[in-house]
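Note sheet for the following structure.
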Amino acid sequence: MNEDATQSSKPLPTPPPSPTHRVVLLQLLLIHSDYIEFEAKRPTKVAEDVPDDAKSGRLEEALCAFIAVEKYDEDDPQAVVAQASKEIADVATQVKAERVMLYPYAHLSSALSSPDTAVKVMKGLEAALAGEFQVMRAPFGWYKAFQLSCKGHPLSELSRSIRIGEGEVVSEALKAESKVVSHWKILTPEGKMVPVEDFDFTGHEKLQKFVRYEIEKARAVDRIPPHVELMRRLELVDYEPGSDPGNLRFYPKGRLIKALLENYVLDRAGDLGAMEVETPIMYDMEHPTLKKYLDRFPARQYAIDAEKKHLFLRFAACFGQFLMGHDMTVSYKSLPLRMIEITRYSFRREQRGELVGLRRLRAFTMPDMHTLCTDMKSAVEEFGKQYAASISVLDDAGLDLKDYEVAIRFTRDFYQENEDFVKSLVNTVKKPVLIETWDDRFFYFVLKFEFNFVDALDKASALSTVQIDVENADRYDINYIDADGAARRPIILHCSPSGAIERLMYALLEKEAMKAAAGEVPMLPVWLSPTQVRIIPVAERHQARAFQVAEALNFRVDVDDREETVGKKIRDAGREWLPYVVVIGDDELASGELTVTIRAKSQPKEPAKAGMTVDELRLRLQEETAGKPWRRLPLPQKLSERPKFV
RNA sequence: GCCUCGGUAGCUCAGCCGGUCAGAGCGAGUGACUUGUAAUCACUAGGUCGCGUGUUCGAAUCACGCCCGGGGCUCCA
């Protein structure tokens, strides 16, 4: 559930538009006319009271705006007026019309607003446009006769739906957010709490970048993020224009890496004692509990209408696991009780301009673990364990403490009672940490941390996170039976040990891009490399031995049997970041040994070559991949049989 | 959602003050070469110039709308 785990760097909640405020619409049909003429014939029962001289009218060379005010407009008529008047003015200017006819036209909508709202909006539009144009308004709620002559040029007929973005609907939670006051400090391993402005960042440049990103929102980017080029060039992941933006396609190699990371995080969660579950990806907007929850903090959702239900796609696994938790019978003996799901996918309809490669998506894969704890003491203890586990998970994935910055955020009250604990967290990482404190609790949690990766373009994004949630047990009516037989509310931890899997891939690629820029040789950890060993037979007569070695190694080994020169094959292997490249020619045939190029020891232009036996190479691979999940080669073993995906 | 830049062959891109402007390199296919650590040579095929509408005698080129991507703003449980 937790956005930070996956997608954002900031802990503040998105202003939650309530689901009922979700869409605000006004339907417009704009006709550029030679003339428009109407006459009100007789009133309907909702008719607006108007003087006789307003019951008919005619405009020459006018833009005629047929308007249906919709039910949803009732939430914010002013915003609708502002938006719609701008739209009408834009078109009128474009077609060089000096006159505008506002014509209420109910048939454009199937969900009309109340007549009061409609009249209010119509009058609002009239007032808003009056300054710039000659405006006439046909009365609302009358049966009217009209004549219209459409000019018939390309822009003469346009229809518009005015949509007011969710963010403009001010909900209770948004109002609360604007009152949030954050205090920013740096906490050092020695336990000193220093205001950020007084902290000497010498030697902690990445932390400084992160802090600036967080507080000052410093951004300066003028190029495509390196990982976007890499994800395509390495044939891992790509954009999918046939879908919605931010929904990506994964090629076999990308799918392999993602699957390995998913399985690895699941394994590690299992080590912590988590039970894997699976929950639906869509939920009923009208479900009473979810409705309250959505009111509290929706990201922007994807909505789906199905038969009689109005559904939304989940943005985390919280829904499913909390609903499950609500129905479970849990004894205190079961606590701490941990459940995890790798959400494939979590959906958030992030704004178009925010989407970038693997960093920020609309559909992403998030390990989402929830832990029920008896009380705050137990929750804090569990928090410490999951903090340590997150460090270890990232380390195995290829990111160590130098690669990310730690943020710890809490309420003032929490800190007063747990100061030593917070300091111990900082001591664990042995480097200064960004601290954000709130005077009051505006969010559902009292304590959280995130690990924030700072990329090649100095952008920060959150990976691992854990939060202590003191609110949702109540909201979902989750309880456990204590030793005395009484039902009690647990404290709930939200944890994503790695953050979103896509984002982890992004971080790995960005890290390697930074290494490459610094003159080092980039590569993925051996356990994640789609091909672990490539064998290059020098001539056709060496192929049999190549396949024999491939089989004996029993890892992800492929054979470059293409009709290319050895030089070409070596170069291609380098471009694919192959950890081990074995060339087999007459010499190897004779000696039985292997000539292996070891990427991890190579420098640019200086491949590190070593002679070793098949067994030695196999042992080496076993050591480097011990304890990690394994999957078979994701592509045909013979390079000659492989398609190109990009 | 707004602003801005871009979309030309599978990929990277040139052409773009309207008129042999439909091109290059890589990739792909075919043939030759049987190859020892960052690109072997030759030939061939491939494109509604993102989509639509308009302006014009004539549009890849100009205008408008839309779609997709990059960046910025906003936003970022």
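Chain identifiers are assigned alphabetically (A, B, ...) following the order of the sequence lines, protein sequences preceding nucleic acid strands; residue numbering begins at 1 within each chain. Given the structure is predicted, the values throughout are model-derived calculations rather than measurements. Quick note: numbers below take in every heavy atom, side chains included, and nothing from hydrogens, waters or symmetry partners.
- The base of G72(B) has none of its N or O atoms less than 3.5 Å from a complementary donor or acceptor on the side chain of Glu354(A).
- Residue-level contact check: Arg232(A) touches the backbone only, with heavy atoms under 4.0 Å from sugar-phosphate atoms and none from bases.
- If you check every strand for non-hydrogen atoms under 4.0 Å, Val356(A) touches sugar and phosphate atoms only.
- Gly242(A) comes within 4.0 angstrom of nothing in the nucleic acid, heavy atoms only.
- If you check every strand for non-hydrogen atoms under 4.0 Å, Gly574(A) touches nothing.
- Taking 90° from 0 as the syn/anti boundary, the base of G47(B) is oriented anti.
- Here the P atom of nucleotide A28(B) and the CZ atom of Arg562(A) are 7 Å apart, to the nearest Å.
- Comparing the same atom, C1', in U8(B) and in C68(B) gives a spacing of 15 Å after rounding to whole Å.
- The shortest distance between the side-chain N/O atoms of Lys568(A) and the OP1/OP2 oxygens of G27(B) is below 4.0 Å.
- Within 4.0 Å of Val566(A), counting heavy atoms only, lie sugar-phosphate atoms of the nucleic acid but no base atom.
- Asp572(A) comes within contact range of no nucleotide atom at all, as no heavy-atom separation falls under 4.0 Å.
- C13(B) is paired with G23(B) under the criterion used here, namely a Watson-Crick or G-U wobble arrangement in which both key atom distances are under 3.5 Å.
- Across all strands shown, Lys609(A) has heavy atoms under 4.0 Å from base atoms, whether or not it also approaches the sugar-phosphate.
- A distance of about 28 Å separates the P atoms of C66(B) and C57(B), rounded to the whole Å.
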